[in-house]
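For reference, the structure discussed in these notes is given below.
No experiment lies behind these values; they were computed from the predicted model shown. Heavy-atom basis, side chains included; hydrogens, waters and symmetry copies ignored.
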Amino acid sequence: MTRHLAGRRTTGLFSPAPGSRPAVLAGLGNGIVISAPLPVGIAAGDPQAAAWATLGAYLAAFTNKGGARRPRTRGLLVAAVVDAAVFWIGARAAGLFPLTLAVLAALVFLAGMGTTLHPTLERLGTMPATALLVAAGAVGTTQTPAQLRPAALLVLAGGLWYAVATAVLTPAPRLRDVLRTLAQPYRAVGRTLTGLADPQTPRTAPASTADALRRAEEATRTLRGPRGDEHLAELTGPLVRRAATLADLTAALAATGPPPAAVATPYTAAATEAAQRLARLADDLTRRRPTTAHAGAPGTAMAPLEAACDRMRAQSAAGTQSYPDTARAGRQRRLLGRIDTVLGAARTDARRLAQLARTPLPPPPTRAPRPPAARLRGRMTLTSATFRHALRATTVSSVVFALTQAVAVPHGEWATLAVLRVLRPQYAATRERVMQRVIGNLVGGSCAALLIAAVHTQAAISLILFVIITAGFTLRPVNYAFWVVFGTPVVLLIGDVPHPGDWHDALVRIAMTFLGTAAALLGSRVLWPSWEHQRLAADTEHARRATAAYLDTALRFLARPDPDGDLAAARAAAEKAVARAQSTAHHAHREPGHDRAALDRESATVAALDRLVALTAALMTHRTARAAHLPALALYTGHAAPALDPPQGDDPAVHADALAQAVEEMSLHLEDLHTRRRRELAGERTGDTAVRVRIRETAPVIELLAAVAAIADTLPDPGSGPSAAP
């Protein structure tokens, strides 16, 4: 059993990130541009020069953060110059170890501080430090300092080549870039509907839906900005709103539970058809030409579901079918019908926008100015997690570099590079990176050793490098472990171009990876650690308050058509707070020295809050005039938020009892409606009577309010957080 779980954890290290898709075109472009200097240099009879130019392009590629063509090209040019300058400094300071160490420490510290000091530092990252280490490692192993200094010009040429070639290959910003973002929430809702069609899948909406909606809303807000396009914003706005409506309707459908057995088959077919239509809609948005060939007419799966619901209604009149089950099946049919209607409108909007996919977009706004000096001074203290991480990375990398240089370990710089690649602000994230890099280096290094031993032709090595670089940059956004598997052979094969056949370097790299990752893990544990389990209680409490505020705003919105609160802002705040608490809980469980039982309680609370946010969103899809006049709704509204987040000095049990009393009154009211409806059916009154309308409009609201009250009753009292530091 333990071995099975360990195997699952190892496999999970290579699992694609949720919502991530391989960027095939970007990977192919990087493969072409980075490997292009190799055949040129080999044909010119200077493979060493080709290797240095390829290295310059390779370093610049890691500073490619995407974005519009002009600012991206400007950033790549700056990175090429900085990397080459640092490489030259490394070659000049090769005989002066204290100077090399000081420059390395400064570069690592600046990379750790990132945007706190300047936005450019975030783009550069640890690539300047990498260039310094490459120059320091090359001295004494492949070339002398005098031979190495001119190589800085080749590194510069490679970086400039990458910047220029990327600018040529990068298309001008078009509406299709925004449409890719707008397509993501539709894909996420489609995945949720696919899960609802599968009875084995838990009926919870994925967190990626909320994230995708936020990104789509931000893209539309950008179009409405001072440098945006108001006409395009007017076209994209409805598509985003329809995506949000579909997400809420899907959450409401999930809240109804599994379908009754009598309608399970047509329900599954209708949900599956809706999921497929959502996927096709997203394809229409992301492809240059809209999809034309579709299987079946839209909405054809709804007819069998409607017929099955009619049969249930007839059986209910005969007393062979439970009326609550009949009402639930009817509710699910209506929700799927509303999803079908919204999908039709969204499809029309998507087709109109897909025809405008090539519309040029105006240049993006300039970046925000640097933070003032007073704020910088406030962040240069040990209370800042960023400052502590910068100090930690600087200390660990400097110590590892000093030790490997002192004992003259061959290719000791690779150990320092491993530190820079895996060390993260959180211990749990560092540990995950350590596992990914160790396993990736074992796999990639072994494959590289076999390739180097078997392939001795420089042209063949160049072709292999092109394939590996393309695959590596394609899978890099998906998972870091994939990148390590392909990135390790890239570095080794670039060095093998001028000197084919030396496969021992692959074994040295594996050994140095073990050394560097072990040092990073130890440093993350003992040097100014930032423990997530210490923040979990505070993040959970913040998520409680935000969820309570959202629920309170939604309940008041349910009762009044023009509420004072901002429902959209309250929902966004709750989703953001819950997502942050989920991330903190995920990292906290991987940290040592914490109270496992306390963490489990906090994690259960966060999961319950996530469920409450989904139920509250589902509640808003059933807002009607009759729902606003439910009995005991005012009592429920007055105690719902305090039950989640009790004011100081309040007894949570009082609010829980009030919620239970309100739900009981509502349930009795619903039971009375069901009794009256059964009498109507017995009297063959099968039409749309007033009682049937009241059941249709109030039953889902009562059930959702009961589910919210049940979850609120299970939440532990605030303040029972995990233990302090290890």
Side-chain angles (χ1 to χ4, degrees), residues 204 251-252 254-257 324 328 331 540-560 563-565 567 570-571 573-574 577-578 581 601-602 604-624 626-674 694-695 697-720:
T204 56
T256 62
R328 177 155 56 96
R331 192 178 315 135
T540 304
E541 184 62 25
H542 177 59
R544 261 185 188 265
R545 290 194 297 269
T547 304
Y550 174 41
L551 178 60
D552 184 67
T553 304
L555 289 172
R556 299 185 188 282
F557 186 79
L558 185 67
R560 291 191 298 168
D564 296 329
L567 185 64
R571 176 177 180 174
V578 171
R601 286 195 300 271
E602 295 293 337
T605 300
V606 174
L609 294 175
D610 184 48
R611 178 64 177 157
L612 281 173
V613 172
L615 290 174
T616 306
L619 185 65
M620 291 297 94
T621 65
H622 298 291
R623 188 177 70 88
T624 62
R626 288 183 175 83
H629 295 91
L630 274 173
L633 180 60
L635 175 65
Y636 190 101
T637 303
H639 291 276
L644 295 182
D645 182 34
Q648 190 70 27
D650 274 17
D651 183 4
V654 174
H655 301 293
D657 291 342
L659 284 184
Q661 178 185 346
V663 169
E664 184 177 359
E665 291 186 34
M666 295 178 187
S667 300
L668 290 174
H669 172 71
L670 181 60
E671 185 178 344
D672 178 63
L673 291 176
H674 281 312
R694 295 179 76 177
I695 292 176
E697 295 187 0
T698 59
V701 175
I702 294 173
E703 292 180 6
L704 287 170
L705 292 177
V708 169
I711 294 177
D713 189 49
T714 61
L715 290 177
D717 294 338
S720 56

**Report entry** Positive for side chain to side chain contact (heavy atoms under 4.5 Å, CB included) with Leu615, one of Leu705, Asp610, Ile711
**Finding:** Ile711
Report summary line: Taken to the nearest 0.5 Å, the spacing of His655 NE2 from Asp657 CG works out to 10.5 Å
Query - Exam field: side chain Arg545 to backbone Asp645, donor-acceptor pair closer than 3.5 Å - result: no
Query raised in the report: Can you name the nearest heavy-atom pair linking Leu659 to Ala643, along with the distance?
Result: CD1-CB, 3.6 Å
Query - Approximate separation, where rounding is to 0.5 Å, of Leu633 CG and Glu665 CD - result: 11.0 Å
Report task. Mind listing the closest non-hydrogen atom pair of Ile702 and Ser667 along with its distance? Result -> CG2-N, 4.3 Å
Report task. Write down the atom of Ala656, the atom of Asp713, and the distance for their closest heavy-atom approach. Result -> CB-OD1, 3.8 Å
Report task. Could you tell me whether Arg331 and Glu703 have a side-chain N and a carboxylate O separated by less than 4.0 Å? Result -> yes
Query raised in the report: Rounded to the nearest 0.5 Å, how far apart are CD of Glu664 and NE2 of His669?
Result: 14.5 Å
Query raised in the report: Looking only at heavy atoms, what is the nearest atom pair of Ala709 and Tyr636, with distance?
Result: N-OH, 3.5 Å
Report summary line: Taken to the nearest 0.5 Å, the spacing of Phe557 CZ from Arg623 CZ works out to 4.0 Å
**Report entry** Criterion side chain to side chain contact (heavy atoms under 4.5 Å, CB included) on Thr698 and Leu673, from CA distance to verdict
**Finding:** CA-CA 10 Å; Thr698 59; Leu673 291 176; 3.9 Å; yes
**Report entry** Leu555 and Leu619, any side-chain heavy atoms less than 4.5 Å apart
**Finding:** yes
Report summary line: Distance col, row Thr605:OG1 vs Glu541:CD, nearest 0.5 angstrom, shows 10.0 Å
Requested in this report: Let me see the working for Thr547 and Thr616 under side chain to side chain contact (heavy atoms under 4.5 Å, CB included), right down to the final yes or no.
Outcome: CA-CA 9 Å; Thr547 304; Thr616 306; 5.7 Å; no
Report summary line: Taking every heavy atom of Arg544 against every heavy atom of Leu644, the minimum-distance pair comes out as NH1-O, 2.6 Å
Report summary line: For Ala546 and Ala573, the nearest pair of non-hydrogen atoms, with its separation, is CB-O, 3.9 Å
**Report entry** Note, Leu551 side chain near Val708 side chain (heavy atom, < 4.5 Å)
**Finding:** yes
